[in-house]
Amino acid sequence: MQKARVLVTGAGGFIGHHLVTRLKAEGCWVRGVDIKLPEYAASRADEFEVLDLRKYDNCLQATRGGIDQVYNLAADMGGIGYITASLADISRNNILINTHMLEASRLNGVRKFLFSSSACVYAGYKQKSADVVPLREEDAYPADPEPGYGWEKLFAEELCRYYRHDYNFETRIVRFHNVYGPLGTYEGGKEKAPAAVSRKVALASSGGEIQVWGDGEQTRSFMYIDDCVEGLTRLMASDYREPLNLGNDRLISINGLVDLISEIAGKRLVKKHDLSKPQGVRGRNSDNTRLSKVLGWAPSIPLQTGLEVTYKWIEGELKKAGRIPLKHVAQSAD
């Protein structure tokens, strides 16, 4: 049987890098494309091309050569600080990437195209309570997504629908809910909360302070990367064409996240809340009812299990960089 030929865009990023590894383990031929190489480990892709997918000709190049499936994960994105400060850049860059990738994939005869959307498409008026009702796929409408990033993701979902309607082009749409794990960005402004908190805890001395954005009572759910790539491959193999949540459904406050990671590190830390920092919607959680029904599966890796792996990896990177004094390492083992 001929191996599937798969293109992963965003293969230099966190989810894309892990997805390439998974697809190779399944026997696929994989081309990885990104504007940068993976930062923390070499890609296992059969081919890796450094291309700026905001440019249409580069999208045609990326999708050439009989590609069967495209996982379009390439995006300008980051944590809450970045996505609230760069509305025009994020919107422009991602609209260019997604429109060009859809058209290039169609013209080059790709069979299936998976678009990576986000829980940021969900209506803000549904997320005003920390004890939020889990979000169902239909809760994206009437539309009130997050400015910039959320609006462009919602538009690209509609564009996928239009390509299916006008051209009978097979598209899949996944809405990520806060993915975390090792080999991901953990500083610089584009990191997500689990990585940011892990870095802060690793650098702190036991008994010291840790800065928390907002009052820490805002809530989220967090999905470990292995569950994420499992869900992606299952959705691509399915016949489901509508947007689908992909996230864990355990709700935890940011204060709770800090406590959990501090416990993993063996540190006692005092939270210092900075109310001037952005904190996003008050609460967001994934309703996995449809996911379980469509795929016969749902994310199951416990938060503590995934955070233990993630924290140890980030702590290890900081140690290698010489940024954790030996006394911190000794204290963290108390």
Are the charged groups of [X] and [Y] less than 4.0 angstrom apart, N to O?
| X | Y | answer |
| --- | --- | --- |
| Asp76 | Lys190 | yes |
| Asp226 | Arg22 | no |
| Asp68 | Arg5 | no |
| Glu146 | Arg284 | yes |
| Lys126 | Glu138 | no |
| Arg282 | Asp215 | yes |
| Glu170 | Arg111 | no |
| Arg175 | Glu242 | no |
| Lys312 | Glu315 | no |
| Arg290 | Asp287 | no |

*Take the angle between the ring planes of Phe113 and Phe169 and call it parallel below 30°, perpendicular above 60°, tilted in between.*
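Taking Phe169 first and then Phe113, their aromatic rings sit tilted (interplane angle of 30° to 60°).
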
_Distance-only side-chain donor-acceptor flag, Ser286 / Asn288, under 3.5 Å_ = yes

Quick one, [X] and [Y] - any side-chain contact, counting heavy atoms below 4.5 Å?
| X | Y | value |
| --- | --- | --- |
| Leu251 | Arg220 | no |
| Arg268 | Ser206 | yes |
| Val174 | Phe115 | no |
| Tyr163 | Glu158 | no |

